[in-house]
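Lettering follows sequence order; numbering is per chain, from 1. Here the structure is a predicted model, which means the values were calculated and not measured.
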Number of protein chains: 2
Amino acid sequence: MAERAYHHGDLRRALLARAESTLRDGGGAERLSLRELARQVGVSHGAPRRHFPDRQALLEALAQTGFERLSEQLRAALERAPHDDGRAGEGFEDRLAATAAAYVRFAIRDAALLELMFASKHGERSGEVAEAAERTFSVVLELIRQGQAEGALEAGDPERVGLMLLATVQGIASLANSGMVAADQLDGLVASAIARFLRGSRAG
Amino acid sequence: MAERAYHHGDLRRALLARAESTLRDGGGAERLSLRELARQVGVSHGAPRRHFPDRQALLEALAQTGFERLSEQLRAALERAPHDDGRAGEGFEDRLAATAAAYVRFAIRDAALLELMFASKHGERSGEVAEAAERTFSVVLELIRQGQAEGALEAGDPERVGLMLLATVQGIASLANSGMVAADQLDGLVASAIARFLRGSRAG
DNA sequence: ACCTGAACACCGTTCAAGT
DNA sequence: ACCTGAACACCGTTCAAGT
C-alpha cells in the first residue's frame with residue numbers, strides 16, 4: 001500500500017514532509033524529534049540516519065527547502081504582478097508590494113520554518129543552506145535592479161538596497177510572529193513600510 | 001563559601017545567570033538543559049523546579065530579563081547621545097543613530113537570547129514577557145515622539161513609525177545573525193538604513 | 001520553604017546484524 | 001544499499017522524603 005511505498009526510495013522526502021507539517025501546526029523546531037518522525041512515517045528509529053546523519057542535518061535540510069520554497073513564492077508573486085505600464089515606476093511599485101506581501105504570507109504560514117531558516121549561526125552556515133538563501137536574495141536583488149532601471153529607485157549599490165528591503169520585511173515578520181504586531185495591524189504596517197521604502201529611495 | 005551561598009535564596013538568579021552565559025558562548029536555546037544548569041550551579045536536578053516549574057518557564061524568564069536589559073541599554077545609549085543643539089533634528093538624528101547602534105550591539109552579543117525573545121509564539125505570549133517587550137518598545141516610541149516634536153519626523157501615528165523602526169533594526173539583526181550580512185558590512189548597513197528611514201520620514 | 005534522589009518515559013546517537 | 005533493534009548516556013517531569 002501507499003504507506004509501504006515510503007520505505008522504497010523516498011524516506012528522505014517523507015521525513016522532510018512530515019517535519020514541515022509538524023512545524024506548521026506544532027510550534028518551534030525544538031519539538032521535532034527524529035524518533036517521532038520515524039514512527040509517524042512507519043520506519044524504525046535508526047532508519048533516518050541513512051538520510052540525515054544527525055538531527056542538525058534534518059534541520060538544515062528543512063532550512064534549505066524552506067529557502068527554495070520562499071524563492072518560488074516570491075518569484076510567482078512577481079510574475080503575477082502587473083508589469084510596467086509605461087508610467088515610470090508604476091509597475092515596479094506593484095511588483096514590490098506583491099513581493100513583500102508574499103514574503104509576509106510565507107512568514108506567517110511557516111513561522112517556525114522561517115525561524116529555522118534565520119536561526120543564529122554560532123559557527124558557519126552549511127554551504128547548501130547559504131546557497132539557497134543567496135538564491136532567495138537574488139530574487140529581491142533582481143527586483144531592485146528593475147526598479148533602478150525603471151527609474152523608480154535611486155541608483156546605488158543594489159545589494160545594499162536589497163538587504164534593507166529584506167531586513168524590513170523580515171523584521172516585520174519577526175514582530176508579527178512574536179506577537180508584538182497584531183494580525184489586524186499587519187497589512188497596514190507592510191503597506192506603510194513599502195511606502196516609506198519608496199519615499200526614501202525616490203530617484204532624482 | 002561563595003559557591004554554597006547560591007543555595008541560600010539566590011538559586012533563581014544563579015540559574016538565570018548561568019543560562020545567559022551558556023546562551024552567550026554556546027549556540028541556541030535548544031542546548032539549555034535544566035539538569036546541566038543545576039549541575040553547574042551545584043544543586044540537585046530537582047531543585048530548579050521550585051523556581052521554574054518547567055523548562056519553558058526558564059526560557060520565558062530569560063526572554064523577560066532580556067527585554068529588560070535591552071530596554072536599559074537603549075535608554076543608556078539615548079542618554080549618552082548629544083541632546084538637541086538647536087538646529088532642527090540634529091540632536092534627534094544622533095540619538096536615533098545611537099539607539100540603533102545599541103540595538104544591533106545587543107543583538108550581536110546576545111544573538112541566542114534575542115532569538116528567544118522574538119521566538120514565534122504559537123499561542124499567546126506570557127503576560128510578563130509581553131509587558132517587558134512593551135517597555136522596550138516604549139523606549140523607541142519615546143524617541144519617535146521626540147523626533148516629531150523637534151520637527152525631524154513627519155507627524156503621524158508614532159506607534160506605527162516606531163514599529164517600522166524596530167522592524168528595521170530587528171530585521172538587520174536577523175540577517176546578521178543568520179550569516180546573510182557579513183560583520184564588516186553591518187555598520188554600513190545600519191547607517192544606510194537610518195539615513196533612509198530619516199529620508200522617508202522628513203517632515204514638511 | 002527549599003532541596004534531595006529515585007523513578008518514568010522520552011530522546012539522539014552508535015553499531016552489529018539482517019535482507 | 002537500506003533498514004532493524006539493542007544499547008548507552010542524556011533529558012524533562014513527577015513525587016515522596018528529608019531538613
When you measure from the side chain of A/D10 to the backbone N and O of A/R13, does any donor-acceptor pair fall under 3.5 Å? no

Regarding B/R135 and B/S71, do their side chains bring together a donor and an acceptor under 3.5 Å, going by distance alone? no

Considering only nitrogen or oxygen atoms on both sides, find all protein atoms under 3.5 Å from nucleotides 17-19 of chain D and state each distance.
none

Residues from residues 51-59 of chain A sitting under 4.0 Å of DNA chain C, heavy atoms only? A/D54, A/R55

Any sub-3.5 Å donor-acceptor pair from B/Q185's side-chain atoms to B/A182's backbone N or O? yes

Do A/L96 and A/L165 have side chains that approach each other closer than 4.5 Å (heavy atoms only, starting at C-beta)? yes

Could you work out which one of D/dC11, C/dT13, D/dC3 sits closest to the side chain of B/S33? D/dC11

Keeping A/R55 on the side-chain end and A/L32 on the backbone end, is there a donor-acceptor pair under 3.5 Å? yes

Rounded distance in Å - CZ (A/R39) to P (C/dG12): 9 Å

Do we see a donor-acceptor contact under 3.5 Å between the side chains of B/E60 and B/Q64? no

In whole angstrom, what separates A/L37's CG from C/dC10's P? 16 Å

Within less than 4.0 Å of OP1 or OP2 of D/dC10, is there a side-chain N or O belonging to B/R31? no

For A/F137 and A/F67, what are the C-alpha separation, side-chain angles and deciding distance, and is it a ring-ring contact (aromatic ring centres under 6.0 Å, His included)? CA-CA 9 Å; A/F137 180 58; A/F67 275 116; over 10 Å; no

Runs of at least three Watson-Crick or G-U pairs with DNA chain D, cut-off 3.5 Å: C:4-8 with D:12-16, C:12-16 with D:4-8

Which atom pairs link the protein and nucleotides 5-8 of chain D when you take only N or O atoms and keep those under 3.5 Å?
from, atom 1, to, atom 2, distance (Å)
D/dA6, N6, A/H45, NE2, 2.8

Say whether, by atom type as modelled, one donor and one acceptor occur between the side chain of B/Q148 and the main chain of B/E154 under 3.5 angstrom. yes

Quick check for you: among C/dC11, C/dT14, C/dC3, whose closest atom lies nearest to any side-chain atom of A/R49? C/dT14

Is the closest side-chain donor-acceptor distance between A/E150 and A/Q146 under 3.5 Å? no

Separation of A/E30 atom CD from C/dG12 atom P, in whole Å? 13 Å

Find the distance A/R12:CZ to D/dC2:P and express it as a whole number of Å. 12 Å

Taking all heavy atoms of A/M180 and all of B/L163, pick out the closest pair and write down the distance. O-CD2, 4.3 Å

Return the minimal non-hydrogen interatomic distance between A/N177 and A/A107, and the atom names on each side. ND2-O, 3.1 Å

Round to the nearest Å and state the distance from A/L11 atom CG to D/dA1 atom P. 17 Å

So, using side-chain hydrogen bond (donor to acceptor under 3.5 Å, both in side chains) as the criterion, who are the partners of B/S120 when residues are at least two apart? A/E115

Measure CD/A/E36 against C1'/C/dA9 and give the value in whole Å, please. 13 Å

Return the value, rounded to whole Å, for the distance between atom CG of A/L34 and atom P of D/dC10. 19 Å

Distance-only polar pair, side chains of B/E36 and B/Q40, donor-acceptor under 3.5 Å: yes

Taking only residues two or more places apart in sequence, or in another chain, which ones meet B/S174 in a side-chain hydrogen bond (donor to acceptor under 3.5 Å, both in side chains)? A/Q170

